[in-house]
Structures are given as C-alpha cells and as structure tokens.
Visitor: 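Below is the structure I would like to discuss, written out as structure tokens.
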Amino acid sequence: MSKKPVIVFEGIEGSGKSYHISNVSKYLDKEKIDYIKIREPGGNLNSEKIRRLILNNKSNFNKYTDLLLYLASRSENISLLKKYFRKKIILIDRFIDSTIAYQHYGLGVDIKLINLINNHLLKGFKIDFTFLNIVNKTNMIKRLKLRKSLNRYDKFNNKFYSKVQNGFLKLSKKNRNKYQIVDSNLDINQNKSLIIRKIEKLI
Ligand code: TMP
C-alpha cells in the first residue's frame with residue numbers, strides 16, 4: 001500500500017495495545033517517517049476534556065450518555081483526521097471498534113444507534129488496518145492489578161472484559177484481511193517484529 005494508511009490499535013485493558021502503538025511511533029521516528037498519532041477518547045484539547053469527564057471516577061453516567069460522550073470526543077477529532085487523511089500516516093489508539101465492543105457488546109447499547117452516528121461522523125474517512133491485541137483472562141487480571149490509577153472503565157468485572165474482547169474478535173472476523181490479531185500472551189519481541197513487518201508493508 002503506497003498511500004498513507006490509517007492504522008488503528010484496539011484491545012481491552014492490559015492487552016499491550018498502548019505499548020505497541022508507542023513502539024510503532026518510535027520506529028517511524030527513527031525512520032524519519034511523518035505521521036500523526038491520536039488516542040480516543042481524547043486526541044486534542046476538547047477531546048481530552050471529554051476524556052477526563054467520561055473516565056473520572058466521580059462520574060456516574062448511564063450507558064447512553066457514555067456513548068454520546070465517546071462519540072462527542074470522536075466528533076472533535078474528525079476535522080484533524082480528515083485534514084490528514086491520505087496525506088500522512090495516521091495511527092489511532094482505539095477507534096470505532098472500541099465503541100462497538102464496549103458500548104454494544106459490553107453494555108448492550110443498540111448497534112444501529114452506534115453505526116448511525118459513526119457513519120455520519122466518518123463520511124469520507126476510512127480505516128485501512130487494525131491491530132487487535134488480545135489477552136487471556138489470567139494475564140488480564142494480573143496486568144489490571146499492576147495499574148496504579150484505575151479509571152472508571154478499568155473497574156468492570158472480568159466477565160465484562162471477556163464480552164468486550166469477544167466483541168472485538170467478532171468484528172475482526174467480518175473482515176479478516178484488514179486485521180492482525182496480536183496475542184499478548186506470546187513473546188513480546190516476536191509481537192513487536194510482527195507488527196513492524198506489517199507496518200513496513202502498509203506504508
Ligand atoms: P484507554 O484505557 O485505552 O485509554 O481507554 C479508555 C477507556 O475508554 C477504555 O476502557 C475503553 C473505553 N472506550 C469505550 O468504552 N468506548 C469507546 O468508544 C472508546 C474509544 C473507548
């Protein structure tokens with residue numbers, strides 16, 4: 001693929017997603033390849049304000065308010081994403097699959113509502129490839145315990161995260177050639193090179 005791709009990193013808490021995206025950033029920096037990187041929720045000043053509101057432990061929103069806040073945070077990223085679409089490589093730490101996995105598969109929000117708003121926001125913008133980081137239950141519990149400051153969404157039970165991870169896997173199966181599953185229970189260095197090799201092909 002020669003055009004500048006949009007590459008997303010997905011996965012539940014403790015799956016190694018953020019570690020791998022930052023390793024890809026380091027690789028692109030080293031190779032002096034231009035890119036932009038954002039995270040969701042968050043990504044710019046307004047979106048980061050919304051992130052703080054959603055994830056704050058004192059917040060107590062219902063699942064529809066949460067959905068609308070995640071989408072509001074996305075809405076604030078759209079102009080930046082569309083501006084650089086195909087002009088620069090775009091790396092995104094969580095995107096629409098997270099909304100479907102957490103809000104639909106995890107919390108039971110109607111998927112039609114999510115798709116309707118996402119499709120409206122993302123008209124003209126397309127994801128080229130997704131790295132889906134998965135983790136087994138034992139490692140997930142271990143890694144969650146190691147996290148120092150737990151936010152609102154770090155505190156669901158294991159059953160919830162299993163539902164969310166299964167949701168991510170279902171989404172990946174609908175479009176297998178656009179996903180790479182990264183099994184974080186395997187050797188981390190092996191996963192790092194698997195991802196970098198794929199990135200080299202994508203760019
Ligand atoms: P993070 O831990 O990767 O920074 O993500 C923050 C939390 O937000 C994580 O628990 C997943 C959740 N989330 C959703 O529930 N829906 C979404 O659409 C997004 C982008 C994130």
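First listed ligand is number 1; within each ligand, the first listed atom is number 1. Along the sequence shown, residues are numbered consecutively beginning with 1.
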Visitor: Surrounding NZ of K137 (heavy atoms of other residues, nucleotides or ligands, distance under 6.0 Å), is the total greater than 12?
Guide: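 Count not over threshold, so no.
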
Visitor: Going by the atom numbers of ligand 1, which of them fall below 4.0 Å from some non-hydrogen atom of R74?
Guide: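 Atoms satisfying the 4.0 Å criterion: 18 (O), 20 (C).
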
Visitor: Above 12 or not: heavy atoms from other molecules or residues under 6.0 Å from CG of N60?
Guide: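 12 or below, so no.
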
Visitor: Could you check whether atom NZ of K126 has more than 12 heavy atoms from other residues, nucleotides or ligands sitting under 6.0 Å from it?
Guide: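 Above 12, so yes.
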
Visitor: Could you tell me whether the side chains of D66 and Y102 share a donor-acceptor contact shorter than 3.5 Å?
Guide: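 Side-chain D/A pair, D66 to Y102: absent.
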
Visitor: Which of the atoms of ligand 1 are close to K17, meaning less than 4.0 Å from one of its heavy atoms?
Guide: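 The atoms of ligand 1 under 4.0 Å from a heavy atom of K17 are 3 (O).
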
Visitor: Among all the protein's non-hydrogen atoms, which is closest to atom 5 (O) of ligand 1, and how far away is it?
Guide: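 The answer is R94 NE, 3.0 Å.
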
Visitor: Give yes or no for whether the N/O distance cutoff of 3.5 Å, strictly under, is met between N151 and ligand 1.
Guide: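 In fact, backbone or side chain, N151 has no N or O that close.
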
Visitor: Counting heavy atoms only, which part of I54 comes closer than 4.0 Å to ligand 1: side chain, backbone, both or neither?
Guide: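 Near ligand 1, I54 shows nothing, with every heavy atom at 4.0 Å or more.
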
Visitor: Between the side chains of S98 and E10, is a donor N or O closer than 3.5 angstrom to an acceptor N or O?
Guide: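 Yes - a donor-acceptor pair under 3.5 Å links their side chains.
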
Visitor: Do I50 and F61 sit in the same hydrophobic cluster, where Ile, Leu, Val, Met, Phe, Trp and Tyr count as joined when their side-chain heavy atoms come under 4.5 Å apart?
Guide: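 In one cluster with I50: F61, yes.
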
Visitor: Which heavy atom of the protein is the closest neighbour of atom 4 (O) of ligand 1, given with residue, atom name and distance?
Guide: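 Ranking protein heavy atoms by distance from atom 4 (O) of ligand 1, first comes R51 NH2, 2.8 Å.
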
Visitor: Would you please determine whether R39 falls within less than 4.0 Å of ligand 1 on a heavy-atom basis?
Guide: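 Contact check R39 vs ligand 1: negative.
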
Visitor: Give the residue, atom name and distance (to 0.1 Å) of the protein heavy atom nearest atom 18 (O) of ligand 1.
Guide: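 Result for atom 18 (O) of ligand 1: T99 OG1, 2.6 Å.
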
Visitor: Could you list the atoms of ligand 1 found under 4.0 angstrom from a heavy atom of E40?
Guide: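 Close to E40: 20 (C).
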
Visitor: A cation-pi test, strictly: NZ or CZ of K198 under 6.0 Å from the centre of the six-membered ring of F129 and no more than 45 degrees from its axis. Yes or no?
Guide: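 That pair qualifies as a cation-pi contact.
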
Visitor: Which atoms from ligand 1 have a heavy atom of L55 less than 4.0 Å away?
Guide: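 Contacts of ligand 1 toward L55, numbered from 1: 6 (C), 7 (C).
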
Visitor: Please test S59 against N56 for side chain to side chain donor-acceptor pair (under 3.5 Å), starting from the C-alpha separation and ending with a verdict.
Guide: CA-CA 5 Å; S59 294; N56 191 309; 4.9 Å; no

Visitor: Which of the atoms of ligand 1 are close to Q103, meaning less than 4.0 Å from one of its heavy atoms?
Guide: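 Close to Q103: 14 (C), 15 (O), 16 (N), 17 (C), 18 (O).
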
Visitor: Would you mind checking which non-hydrogen protein atom is closest to atom 9 (C) of ligand 1, with the distance to 0.1 Å?
Guide: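 For this ligand atom, the closest protein heavy atom is E13 OE2, 3.2 Å.
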
Visitor: Looking at H20, K17, R143, which hits side-chain hydrogen bond (donor to acceptor under 3.5 Å, both in side chains) with S184?
Guide: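 Of the listed options, the one satisfying the test is R143.
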
Visitor: For atom 8 (O) of ligand 1, which candidate among Y70, Y161, F95 holds the nearest heavy atom?
Guide: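 Among Y70, Y161, F95, the closest heavy atom to atom 8 (O) of ligand 1 belongs to Y70.
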
